[in-house]
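Only one structure is covered here, and it is reproduced in the block below.
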Amino acid sequence: MIRVEVELGDRSYPVLVGAGARRELAALLPGSARRVAVVSQAGIDLAVDSGREQRRFDIGDGEAHKDIATVAGLCSEWARWGLTRGDVVVAVGGGLVTDVAGFAAASYHRGVPVVHVPTSLLGMVDAAIGGKTGVNLPEGKNLVGAFWQPHGVLCDTDALATLPPRELRSGRGELAKYHFLTGDDLLALDLDARIAEAVRIKARVVAADEREDPSNRRGRATLNYGHTLAHALETTGRYDLRHGEAVAVGLRYAAHLAHRLGRIDGSRVAHHDAVLSAYELEADLPAGADTARLVEVMGRDKKALDGLTFVLDGPDGVEVVPEVDPTVAADVLDSMR
Ligand SMILES: NC(=O)c1ccc[n+]([C@@H]2O[C@H](COP(=O)([O-])OP(=O)(O)OC[C@H]3O[C@@H](n4cnc5c(N)ncnc54)[C@H](O)[C@@H]3O)[C@@H](O)[C@H]2O)c1
């Protein structure tokens with residue numbers, strides 16, 4: 001079992017990575033907890049044993065269920081059951097479950113502890129770490145939420161055995177991102193160690209910039225590497241892409257854009273291609289992608305303060321780069337076809 005610490009003073013917490021990590025749950029729970037509300041989804045069979053009085057609350061599958069109604073439903077059920085502030089919520093699922101259960105835990109009784117047991121690769125390397133929780137509105141994704149750091153995270157890699165192949169690939173897209181945030185060769189590691197390394201990178205970034213200070217160009221915003229185009233592809237909604245698949249396209253685009261702007265050389269672009277192909281990620285622009293529309297949506301990305309803002313690789317590593325000329329952004333998109 002690999003242990004990584006997210007260092008946040010008196011809110012620091014451990015992340016355990018490895019086969020069977022779920023068995024550490026009972027030892028990890030706060031001593032005050034008498035009842036354990038397990039939030040999960042039909043189809044997720046990872047059994048957790050808290051050693052306390054425990055009840056399972058399933059929520060719906062798919063982004064349409066990541067909404068305030070689901071959070072309200074959970075809180076009502078917890079209230080009827082008698083869950084108190086001293087008890088604990090345990091989220092067992094992918095990023096949708098940990099985001100929803102985390103936000104419900106942040107709100108219920110003004111905050112009850114939550115432990116995340118991510119069951120998707122994307123959840124393990126990203127969603128369950130760092131305390132961002134929230135739900136969607138009809139007006140947009142993740143528009144309502146809270147920072148609510150978990151009490152601990154158990155990345156049980158046994159869970160990956162039942163994860164559908166497409167979801168695994170989506171997780172690999174998010175894992176690929178971490179290859180460019182430090183100089184380390186993640187491919188040289190076995191999968192458990194690679195997941196732990198991604199967690200370690202994210203933990204360091206979160207510890208240094210917990211709330212994503214907009215003036216910090218090398219802080220938490222760097223975790224959005226590859227995400228500007230990915231979000232635009234997802235927002236326009238016309239392409240059948242899972243999040244990590246869209247990130248893979250976004251990573252390739254970010255490399256080409258950084259190259260065009262003279263920030264990286266050809267060998268670094270080739271390194272991006274090599275990592276993406278090692279993860280068997282198809283990183284081509286989807287057929288029929290509409291350049292003008294994508295550039296328009298990227299201009300409205302919530303990270304954009306003035307003109308087109310990207311997170312790009314460069315001589316000092318990955319950082320936020322504002323005021324990229326939209327015609328250059330469009331030209332590089334066209335060059336990828
Ligand atoms: N909070 C954050 O920092 C953060 C970061 C990245 C993504 N997210 C959020 O995460 C969500 C995406 O997460 P995701 O990619 O895990 O998708 P998901 O949670 O929707 O899970 C995808 C599918 O896989 C199934 N599944 C999960 N684990 C399984 C397992 N072990 N066996 C069988 N089936 C399993 C789920 O039931 C679902 O059908 C999005 O809502 C996104 O906004 C949050």
Side-chain angles (χ1 to χ4, degrees), residues 11 13 15 21-22 24-26 28-120 122-124 126-156 159 162-163 167 243:
R11 291 171 302 124
Y13 55 93
V15 182
R22 66 187 180 283
E24 304 299 319
L25 180 63
L28 183 77
L29 291 177
S32 64
R34 286 180 43 247
R35 287 184 167 164
V36 176
V38 176
V39 180
S40 196
Q41 261 172 350
I44 296 178
D45 298 324
L46 196 76
V48 292
D49 181 4
S50 63
R52 329 267 164 112
E53 185 185 350
Q54 128 181 5
R55 191 180 284 190
R56 176 168 166 150
F57 302 85
D58 276 358
I59 62 172
D61 196 349
E63 286 290 317
H65 294 278
K66 189 179 167 179
D67 64 1
I68 289 176
T70 301
V71 171
L74 280 174
C75 291
S76 287
E77 288 186 75
W78 296 344
R80 285 197 292 270
W81 187 37
L83 195 76
T84 71
R85 265 196 88 202
D87 293 326
V88 65
V89 172
V90 175
V92 182
L96 192 149
V97 169
T98 54
D99 272 15
V100 169
F103 184 46
S107 314
Y108 185 73
H109 279 257
R110 300 187 184 81
V112 295
V114 63
V115 170
H116 291 317
V117 184
T119 60
S120 67
L122 188 139
M124 292 180 194
D126 196 3
I129 318 292
K132 281 191 183 178
T133 72
V135 295
N136 305 327
L137 291 181
E139 289 74 15
K141 261 190 65 104
N142 298 327
L143 284 183
V144 175
F147 284 96
W148 189 243
Q149 296 293 346
H151 182 79
V153 182
L154 301 172
C155 300
D156 191 330
T162 57
L163 193 65
E167 300 303 335
H243 179 67

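Counting begins at 1 with the first residue of the sequence.
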Side-chain donor-acceptor pairs of residues 40-49 under 3.5 Å, sequence neighbours excluded:
residue: Ser40; atom: OG; partner: Val92; partner atom: O; Å: 2.7
residue: Gln41; atom: NE2; partner: Gly60; partner atom: O; Å: 2.9
residue: Asp49; atom: OD1; partner: Gly51; partner atom: N; Å: 3.0

query: Considering residues at least two apart in sequence or located in another chain, which fulfil the ring pair (Phe, Tyr, Trp, His ring centres under 6.0 Å) criterion with Tyr108?
result: Trp78
What I'd like to find out is whether the side chain of [X] reaches to under 4.5 Å of the side chain of [Y], using heavy atoms alone.
| X | Y | value |
| --- | --- | --- |
| Leu25 | Val90 | yes |
| Leu137 | Val144 | yes |
| Phe103 | Lys132 | no |
| Val115 | Tyr13 | no |
| Phe147 | Thr133 | no |

query: Is the count of non-hydrogen atoms from other residues, nucleotides or ligands lying under 6.0 Å from Arg11 atom CZ greater than 12?
result: yes
Between [atom1] on residue [X] and [atom2] on residue [Y], distance to nearest 0.5 Å:
| X | Y | atom1 | atom2 | answer |
| --- | --- | --- | --- | --- |
| Met124 | Asp156 | CE | CG | 6.5 Å |
| Asp67 | His65 | CG | NE2 | 8.0 Å |
| Leu83 | Arg34 | CG | CZ | 10.0 Å |
| Leu122 | Asp126 | CG | CG | 5.5 Å |
| Phe57 | Thr70 | CZ | OG1 | 14.5 Å |

Which atom of [X] lies closest to which atom of [Y], heavy atoms considered:
| X | Y | result |
| --- | --- | --- |
| Pro118 | Gly123 | CB-C, 3.5 Å |
| Ala106 | Ala146 | CB-CB, 4.2 Å |
| Val15 | Cys155 | CG1-SG, 3.9 Å |
| Trp148 | Val114 | CD1-CG1, 3.8 Å |
| Val88 | Pro30 | CG2-CD, 4.2 Å |

Can you name the side chain to side chain contact (heavy atoms under 4.5 Å, CB included) partners of [X], sequence neighbours left out?
| X | value |
| --- | --- |
| Arg80 | Ser76, Glu77 |
| Glu63 | Lys66, Leu96, Asn136, Lys141 |
| Arg52 | Leu29, Ala33, Val36, Ser50 |
| Ala91 | Val97, Thr98, Ala101, His116 |

- prompt: Between Asp87 and Arg35, is there a salt bridge with N-O shorter than 4.0 Å?
  reply: no
message: For a side-chain contact (heavy atoms from CB on, under 4.5 Å) check, start with the C-alpha distance between Val39 and Ile59, then their side-chain angles and the critical distance, and finish with the verdict.
response: CA-CA 7 Å; Val39 180; Ile59 62 172; 4.0 Å; yes
